[in-house]
Protein chains: 2
Amino acid sequence: MKTTHPETLRPRKTPTQARSAATVDAIFEATIQVLLTDGGHRLTTTRVAEKAGVSVGTMYQYFPHKQALMYAVVHQHLTIFVDEFEAACFRHWNEPIDNITQGIVTAFLDIKIRHPDVTRALYKIADELDTDELRFGTAKSLQTACISLLGSARDATFENLPEIAFTLLTAMNGTTRAVFEFGAEPEMVEMLHIQLLALCRGYLHISAVQRSNVSH
Amino acid sequence: MKTTHPETLRPRKTPTQARSAATVDAIFEATIQVLLTDGGHRLTTTRVAEKAGVSVGTMYQYFPHKQALMYAVVHQHLTIFVDEFEAACFRHWNEPIDNITQGIVTAFLDIKIRHPDVTRALYKIADELDTDELRFGTAKSLQTACISLLGSARDATFENLPEIAFTLLTAMNGTTRAVFEFGAEPEMVEMLHIQLLALCRGYLHISAVQRSNVSH
DNA sequence: ACCTGAACACCGTTCAAGT
DNA sequence: ACCTGAACACCGTTCAAGT
């Protein structure tokens with residue numbers, strides 16, 4: 001039950017030439033398309049290559065195997081997610097804890113909701129992809145951002161920030177994922193938003209070592 | 001992106017004869033074995049049949065396709081999970097809300113921890129299995145049990161019990177799943193237990209419409 | 001009646017042959 | 001140098017032939 005070594009999962013050639021970059025982009029786009037229209041287990045290399053307008057052989061020049069292809073697609077979207085989440089964190093730096101909580105929850109949901117179908121498609125292949133590195137790396141980045149932000153709260157102090165950040169993020173992920181699997185209807189998303197706010201507020205409130213009214 | 005109709009996922013013949021029952025059991029056992037030793041995507045029908053000591057043809061008499069096989073295995077374990085969870089719920093009926101919270105969290109974790117490797121194996125194939133029926137059915141059962149139990153709390157009342165139960169369960173699932181994907185080391189499980197208690201307590205505390213000291 | 005396993009269609013991956 | 005697609009190994013599924 002070993003997981004594939006990360007190095008073998010990256011594209012074979014860095015697309016320095018414009019032509020190559022275009023090809024890779026086409027393959028990316030084709031992958032998402034096939035994923036969305038044909039569904040998870042109908043994602044075949046032949047189908048992707050055909051939709052991208054290249055031969056299988058060419059595709060294998062850029063991605064040494066199917067896992068590498070899926071890895072690249074997932075990686076791309078997770079990177080976007082992390083970047084936007086970190087940006088949102090900076091925006092609430094040093095604010096009161098309640099604002100921070102609101103910021104974290106809203107950012108998390110907003111990013112997922114922006115492209116609902118891509119989000120759902122990615123949830124599917126993210127599990128078929130058995131590289132822990134990507135999962136763990138993303139988790140670590142989000143956790144770090146979260147720790148710093150919570151640590152900057154001007155009216156609360158926490159012990160065990162790593163544990164708290166981990167719990168907060170994985171709890172949000174679990175609920176959000178469930179909502180997406182249930183179809184992510186607008187009303188359901190709204191209720192998720194409300195409940196997540198309560199969940200995180202209650203948790204951080206009970207976990208705060210000290211709360212002061214420095215400012216209002 | 002349609003999901004397979006549930007009816008086609010059930011075993012073809014109900015094993016009325018002892019022989020058949022034994023065969024089905026052997027296939028079940030073989031599936032789990034292959035899953036644990038060979039890993040997720042090396043779970044092939046040939047391999048399972050071989051390990052179970054039957055021909056592929058015979059296996060296809062009991063399970064019309066691979067999905068049906070995986071469905072059956074996942075179904076079996078989810079049923080056990082639901083049963084044990086419901087039993088644990090009954091055990092805390094009518095208690096104070098803090099005890100109930102403790103009961104829910106501990107039950108949830110205990111059941112998952114009892115067979116850690118099976119739990120992890122099931123997380124893997126549970127996603128490859130694209131039948132919403134099983135997922136939703138399980139979620140519904142757990143939610144119902146949770147709603148009743150929370151409603152029975154002798155010292156707290158809640159509005160939106162369905163939403164609260166949903167959030168509680170999916171949050172627990174998200175965090176627990178993450179811990180299992182990280183290897184579920186004992187210390188990590190312990191920290192999960194502590195944090196989950198805080199998470200659920202804080203959430204229920206903030207969501208309670210009314211709290212009274214009826215008893216102590 | 002029930003079991004078997006060769007046979008078929010399809011998928012991931014390769015590599016000799018083309019340009 | 002780079003692309004192509006027939007060819008290979010393997011997997012899910014079937015069904016004619018055995019008992």
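Hydrogens, waters and symmetry mates play no part in the numbers below; they use all other heavy atoms, side chains included. As the structure is a prediction and not an experimental result, all values here were calculated from the model. To find a chain, count down the sequence lines: A is the first, B the second, and so on, and within it residues start at 1.
- Contact check, A/T45 against C/dG12: a side-chain N or O comes under 4.0 Å of OP1 or OP2.
- One finds no salt bridge joining B/R120 and B/E181 here, because no Lys/Arg side-chain nitrogen approaches an Asp/Glu carboxylate oxygen to under 4.0 Å.
- Listed by first then second residue, pairs satisfying salt bridge (charged side-chain N to carboxylate O under 4.0 Å, His left out) with a partner in residues 101-112 of chain A number zero, not counting sequence neighbours.
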Short heteroatom pairs, N/O only, protein and nucleotides 4-8 of chain D, under 3.5 Å:
unit_1	atom_1	unit_2	atom_2	d
D/dT4	OP2	A/S55	N	3.2
D/dT4	OP2	A/S55	OG	3.0
D/dT4	OP2	A/T58	OG1	2.5

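- Exactly one residue among B/I104, B/I100, B/I164 makes a side chain to side chain contact (heavy atoms under 4.5 Å, CB included) with B/L204. That residue is B/I164.
- Judged purely by distance below 3.5 Å, without hydrogens or angles, the side chains of A/H193 and A/E190 never pair a donor atom with an acceptor atom.
- Atom C1' of nucleotide D/dG12 and atom CD of B/E128 are separated by 14 Å, given to the nearest angstrom.
- In this structure, NE2 of A/H41 is placed 17 Å from C1' of C/dG12, rounded to the nearest angstrom.
- Distance, B/E50 CD to D/dG12 P: 13 Å, rounded to whole Å.
- Between the CE atom of A/M59 and the C1' atom of C/dC15 there is a distance of 17 Å, rounded to whole Å.
- Computed from coordinates, the B/K66 NZ to D/dG12 P distance equals 5 Å when rounded to whole Å.
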Side chain to side chain contact (heavy atoms under 4.5 Å, CB included) evaluation trace for A/K124 with A/L35 | CA-CA 9 Å; A/K124 287 237 153 177; A/L35 214 45; over 6 Å; no
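- Side-chain contact annotation: B/E133 with B/Y71, donor-acceptor N/O pair under 3.5 Å present.
- To the nearest angstrom, P of D/dG12 lies 6 Å from OH of B/Y60.
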Intra- and inter-strand pairs of DNA chain C in dot-bracket (Watson-Crick or G-U wobble, both distances under 3.5 Å; | for another strand) | ||.|||||...|||||.||
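- For B/H65 and C/dC10, the NE2 to P distance is 18 Å, given to the nearest whole Å.
- OP1 or OP2 of D/dC11 has at least one side-chain nitrogen or oxygen of B/R47 nearer than 4.0 Å.
- Under the 3.5 Å distance criterion, with hydrogens and angles disregarded, a donor-acceptor pair is assigned to the side chains of B/S55 and B/T58.
- Using a 4.5 Å cut-off on side-chain heavy atoms (C-beta onward), A/L134 and A/L129 make contact.
- Rounded to an integer number of Å, the gap from CZ of B/F63 to P of C/dC3 is 13 Å.
- For the side chain to side chain contact (heavy atoms under 4.5 Å, CB included) with B/T45, the qualifying choice from B/H65, B/M59, B/E50 is B/M59, the only one to do so.
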